[in-house]
Student: 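Got a structure for you, questions after.
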Amino acid sequence: MKVPDIIIAVDGYSSTGKSTFAKLIAKEFDFLYLDSGALYRGVTLFARERKLISADNVIDPALEGALASLDLHFGKEGTFMGERCIEKDIRTLEVSSQVSPIAAVPYVRAFVDAKLREFGEKGRIVMDGRDIGTTVFPDAQVKVFMTASEQVRAQRRYDEMVAKGETPAFEDVLANLRERDYIDSHRETSPLRRAADAFELDNSDMSLTEEIAWIRGLIQGKFGIL
Ligand code: CDP
């Protein structure tokens, strides 16, 4: 199946499996996968290392000017800050716990949006996030909005943490998920919401094979290809 040079936007709630699905799409159709959340995490790491965010999430306004010197991009091994691979550093619990307040700041969103649009210029990309189909690429030819039941999402995140050797309480995982979704859906700038022309994918009871069959069908129908 020869898919045209389009942009595929994958948005949705926490732990719906957006990045797993987007990576699979990239492999299946030979697209470039871009993880928008990694850039918000990169800005968070930068703010932490420059001491521009306090432990209780007070953000120093100097962050805005400092961003001019921040070179974030994607390389072979993942996310880079200049020459330095930061893929591991941006996935720590410390960064995860401060990324949402950082991602709610309008000038941070403008900074990340500009980079994402630059990376997406050539097309043939699949990008996942919270506002790709609504704000970053409102003209994306294929938009997916992922959902799954809260119980299923909390169970996935719980299993992920247990696999990493952590011992969280299920109720805490569920509460954290609800809180992050609430913050992401209620912030003023580019809140998480389904674009009017996005196709909803509830993968509560779906396998990855079924998810790929679903997107293949969608693309075939849309572009009249086999
Ligand atoms: O993997 P997970 O869904 O937990 O998060 P992520 O995709 O790595 O994104 C980290 C955080 O960045 C999210 O919790 C959002 O607050 C924010 N984000 C955003 O605001 N807009 C995006 N397009 C992507 C991420």
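In this text, all values refer to a predicted model and were calculated from it rather than measured experimentally. Keep in mind that the numbers below use all heavy atoms, side chains included, and drop hydrogens, waters and symmetry copies. This chain uses plain numbering: 1 for the first residue, then up along the sequence. All ligand and atom numbering here is 1-based and tracks the order in the structure.
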Student: Does the side chain of R41 reach to within under 4.5 Å of the side chain of E87, using non-hydrogen atoms?
Tutor: no
Student: What protein heavy atom sits nearest atom 16 (O) of ligand 1, and how far away is it?
Tutor: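 That would be D184 OD1, 2.8 Å.
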Student: Backbone or side chain, does any N or O of R180 fall under 3.5 Å from an N or O of ligand 1?
Tutor: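 For ligand 1, there is an N or O atom that lies under 3.5 Å from one belonging to R180.
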Student: I need the nearest protein heavy-atom contact for atom 9 (O) of ligand 1: residue, atom name and distance, please.
Tutor: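 The protein heavy atom lying closest is G37 CA, 3.6 Å.
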Student: Record the part of E160 in heavy-atom contact with ligand 1 below 4.0 Å; permitted values are side chain, backbone, both and neither.
Tutor: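 Near ligand 1, E160 shows nothing, with every heavy atom at 4.0 Å or more.
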Student: Short N/O distance, under 3.5 Å, between R109 and ligand 1?
Tutor: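 Min N/O separation from ligand 1 is below 3.5 Å for R109.
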Student: In this structure, which one of D11, L34, I8 forms a side chain to side chain contact (heavy atoms under 4.5 Å, CB included) with M127?
Tutor: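 Exactly one option meets the side chain to side chain contact (heavy atoms under 4.5 Å, CB included) with M127, and it is L34.
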Student: Do any nitrogen or oxygen atoms of R41 lie less than 3.5 angstrom from nitrogen or oxygen atoms of ligand 1?
Tutor: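 Among all N and O atoms of R41, at least one is under 3.5 Å from an N or O of ligand 1.
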Student: With side chains defined as the heavy atoms from C-beta onward, is the minimum distance between K115 and L39 less than 4.5 Å?
Tutor: yes
Student: Hey, are the side chains of I25 and I215 touching, using non-hydrogen atoms and a 4.5 Å cut-off?
Tutor: yes
Student: So, do I86 and F80 sit near enough that their side-chain heavy atoms are less than 4.5 Å apart?
Tutor: no
Student: Would S15 and R157 satisfy side-chain hydrogen bond (donor to acceptor under 3.5 Å, both in side chains), going step by step from the backbone distance to the final call?
Tutor: CA-CA 6 Å; S15 301; R157 184 50 59 103; 3.1 Å; yes
Student: Just need the protein heavy atom nearest to atom 17 (C) of ligand 1, so name the residue and atom and give the distance.
Tutor: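 So the nearest neighbour among protein heavy atoms is A103 CB, 3.7 Å.
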Student: Considering distance alone, does some N or O of Y40 sit under 3.5 Å from an N or O of ligand 1?
Tutor: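 No, there is no polar N/O contact under 3.5 Å.
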Student: Within the 4.0 Å heavy-atom shell around R157, which atoms of ligand 1 are there?
Tutor: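 The atoms of ligand 1 under 4.0 Å from a heavy atom of R157 are 4 (O).
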Student: For atom 23 (N) of ligand 1, what's the nearest protein heavy atom and its distance?
Tutor: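 Looking at atom 23 (N) of ligand 1, the protein heavy atom closest to it is D131 OD1, 2.9 Å.
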Student: Just so I know, are the side chains of Y107 and T189 near enough to count as touching, which here means a heavy-atom distance under 4.5 Å?
Tutor: no
Student: Do any nitrogen or oxygen atoms of R91 come within less than 3.5 Å of a nitrogen or oxygen of ligand 1?
Tutor: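 Between R91 and ligand 1 (N or O atoms, distance only) the closest approach is not under 3.5 Å.
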Student: How far is atom 13 (C) of ligand 1 from the closest protein heavy atom, and which atom is that?
Tutor: R130 NH2, 3.4 Å
Student: Contact between R84 and D89 at the side-chain level, heavy atoms closer than 4.5 Å - yes or no?
Tutor: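 Heavy-atom side-chain distance check passes, below 4.5 Å.
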Student: Closer than 4.0 Å to some heavy atom of S36 - which atoms of ligand 1 meet that?
Tutor: 22 (C), 23 (N), 24 (C)
Student: Checking side-chain polar atoms at under 3.5 Å, does D184 have a donor or acceptor matched by the opposite partner on Y13?
Tutor: no
Student: Under a 4.0 angstrom heavy-atom cut-off, which atoms of ligand 1 come close to K18?
Tutor: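 Near K18, meaning under 4.0 Å from one of its heavy atoms, ligand 1 has 3 (O).
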